[in-house]
Amino acid sequence: MAIQFPADFTWGAATSGPQAEGTFHKKHENIFDYHYHTRPQDFYHYVGPDVASNFYNDYEQDLKLLKQAGVQALRISIQWTRLIDDPEAATVDPAGADYYHRVFATMHELGITPYVNLHHFDLPVALQHRYGGWQSKHVVDLYVKFAQRCFELFSDQVTHWFTFNEPKVIVDGQYLYQFHYPNLVDGKAAVQVAYNLNLASAKAVAAFRKINRQPQATIGTIINLTPVYPASQSAGDLEAARFAELWANDLYLEPAIHGRFPEALVERLKQDHVLWQATPEELAVIAANRIDVLGVNYYHPCRVQAPAVAPDSLQPWLPDIYFDAYELPGRKMNLDKGWEIYPDALYDIAMTIKNRYGNIDWFVAENGIGVADEERFLQNEVVQDDYRIQFMTDHLSFLHQAIEKGANCHGYFVWTGIDCWSWLNAYKNRYGLIRNNLRNQTKSLKKSGYWFCQVAATGHVPDTCSQTEQVAE
């Protein structure tokens with residue numbers, strides 16, 4: 001059955017500076033710039049962030065294309081390494097500031113609302129090498145200086161601010177599972193980094209409260225939520241799911257929304273002698289500076305079972321000593337990415353936010369599907385990505401059910417607007433509503449782009465993709 005979203009529901013797309021802009025005229029390297037220039041073989045087909053989607057040069061035309069795809073709001077990020085000349089003093093690079101001013105001005109001219117994120121996995125590599133990156137509370141304070149500069153420079157153009165994108169991925173990628181430079185495996189360091197990221201977010205919120213002069217402006221954070229489901233109702237599986245939920249989701253939701261850390265998680269980390277170093281003053285900052293709005297990135301669920309090896313075995317401390325991954329028989333998969341497709345979880349996320357997190361104002365900040373070799377679906381120069389339309393339709397159906405039950409969700413942002421560079425995977429999987437032909441950097445709407453335009457214009461989601469008319473030129 002077709003569904004209808006409210007008239008004030010926001011239809012958007014999300015991307016990030018390092019994944020779209022390219023490194024043009026950027027004086028400093030972030031951790032991915034450095035990783036690529038030192039080990040390009042780690043990246044799919046040796047493709048790095050140097051050009052990305054060429055948004056730095058093409059932003060005017062790219063934004064017009066996004067407008068054609070029905071994008072009403074665009075979530076982007078300001079690169080610390082582009083805006084700030086000296087990270088210690090937080091002096092501003094005038095060329096970087098001018099670039100972002102021009103981008104935001106163009107967005108407003110086109111009627112696209114900027115949703116601006118301050119950190120998307122792109123720590124200046126000098127701070128990683130000098131201080132150990134997010135393990136250092138000095139880096140926390142340098143990030144807050146950067147955030148202050150952003151608020152000072154762009155508050156007249158931006159009213160939707162976000163402190164971080166997916167802090168859990170910083171922890172996982174850099175300190176646990178080796179997919180972000182410096183590719184460490186250090187559970188105790190990971191715990192401290194998770195705390196420091198929560199502290200950095202709260203301190204940035206505090207800076208925003210002091211600097212912001214726009215009554216309508218808000219600040220939030222963007223968390224990737226992976227609802228945890230036990231393999232069975234056995235005591236062991238339920239306990240594994242309880243810890244996994246604390247570690248994966250509550251560790252970030254609780255401080256951002258309630259201003260505190262989950263007691264059960266704190267007790268477990270304390271018993272394991274890996275609890276973060278914190279001060280009463282820092283905890284007071286976290287308690288006093290909570291977010292106005294939550295961005296939720298959702299792609300796949302987390303299914304767990306009791307660990308095959310007892311957690312108290314002689315082994316290094318890592319969070320997954322308390323749970324093993326579980327693969328649901330008969331699950332639907334995005335095989336190109338290796339992720340289960342389970343749209344039902346978006347309803348469960350919404351109910352968790354409603355029932356446990358005060359029904360805070362929130363939106364879907366990322367949702368989408370990445371598919372390899374999309375050129376195989378190219379017909380008459382348009383990618384016929386019915387699978388993407390179906391993916392969005394299914395997730396929107398469960399989101400709509402949640403809104404009908406009182407979930408306070410105000411928008412849906414697809415990942416992504418234009419095919420973008422995706423870290424180690426580069427352009428292996430394509431996510432965009434808009435195709436990027438990397439051979440000549442020409443961009444054109446996919447079938448999903450025409451579909452999204454219709455949905456955004458009306459708020460009406462057809463029940464099947466077969467009802468969608470292709471408006472290809």
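As the structure is a prediction and not an experimental result, all values here were calculated from the model.
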Minimum heavy-atom separation for [X] and [Y], please, with both atom names.
X: Ala350; Y: Ala402; result: CB-CB, 3.3 Å
X: Asn196; Y: Ser136; result: ND2-N, 3.9 Å
X: Glu29; Y: Asp33; result: CA-OD2, 3.5 Å
X: Pro87; Y: Leu142; result: O-CD2, 3.4 Å
X: Val293; Y: His410; result: CG2-CE1, 3.8 Å

Tell me whether the centres of the aromatic rings in [X] and [Y] are closer together than 6.0 Å.
X: Phe164; Y: Trp134; value: yes
X: Trp247; Y: Tyr322; value: no
X: His180; Y: Phe32; value: yes
X: Tyr342; Y: His300; value: no
X: Tyr229; Y: Tyr326; value: no
X: Phe43; Y: His35; value: yes

Exercise for the section: With Tyr115 as reference, evaluate Phe363, Phe104, Trp161 under the ring-ring contact (aromatic ring centres under 6.0 Å, His included) test and give the passing residue. Expected result: Phe363
Check: [X] side chain, [Y] main-chain N or O, donor-acceptor pair, under 3.5 Å:
X: Arg75; Y: Ala365; answer: yes
X: Glu254; Y: Pro262; answer: no
X: Tyr427; Y: Ala52; answer: yes
X: Ser77; Y: Gly17; answer: yes
X: Thr416; Y: Ala14; answer: yes

Distance from [X] atom [atom1] to [Y] atom [atom2], nearest 0.5 Å?
X: Leu184; Y: Tyr175; atom1: CG; atom2: OH; answer: 6.5 Å
X: Tyr44; Y: Ser422; atom1: OH; atom2: OG; answer: 12.5 Å
X: Thr23; Y: His28; atom1: OG1; atom2: NE2; answer: 13.5 Å
X: Asn198; Y: Ile286; atom1: CG; atom2: CD1; answer: 6.0 Å

Exercise for the section: Taking the six-membered ring of Tyr181 (Phe, Tyr or Trp), confirm whether the NZ or CZ of Arg39 is under 6.0 Å from its centre and within 45° of its axis. Expected result: no
Exercise for the section: Tell me whether the guanidinium CZ or amine NZ of Arg82 lies under 6.0 angstrom from the six-membered ring centre of Tyr99 and within 45° of its axis. Expected result: yes
Handout entry: side chain to side chain donor-acceptor pair (under 3.5 Å) assessment of Tyr59 paired with Arg102
Key = CA-CA 9 Å; Tyr59 69 88; Arg102 286 185 282 114; 2.9 Å; yes
Practice task
Check step by step if side chain to side chain contact (heavy atoms under 4.5 Å, CB included) holds for Phe179 and Trp423.
Solution key: CA-CA 9 Å; Phe179 56 88; Trp423 319 112; over 6 Å; no
Problem - Residues Lys428, Asp336; criterion salt bridge (charged side-chain N to carboxylate O under 4.0 Å, His left out); working and verdict - result: CA-CA 9 Å; Lys428 178 182 178 183; Asp336 290 328; over 6 Å; no
Handout entry: Enclosure of Glu375 CD (heavy-atom neighbours >12, cutoff 6.0 Å)
Key = yes
Practice task
Look at the rings of Tyr34 and His129 and say which category their plane angle falls in: under 30° parallel, 30 to 60° tilted, over 60° perpendicular.
Solution key: perpendicular
Handout entry: Trace of the salt bridge (charged side-chain N to carboxylate O under 4.0 Å, His left out) decision for Arg430 with Asp385
Key = CA-CA 11 Å; Arg430 302 300 186 97; Asp385 53 343; over 6 Å; no
Exercise for the section: Take Glu21 and Lys26 through the salt bridge (charged side-chain N to carboxylate O under 4.0 Å, His left out) test and state the conclusion after the steps. Expected result: CA-CA 10 Å; Glu21 289 175 7; Lys26 196 157 71 90; over 6 Å; no
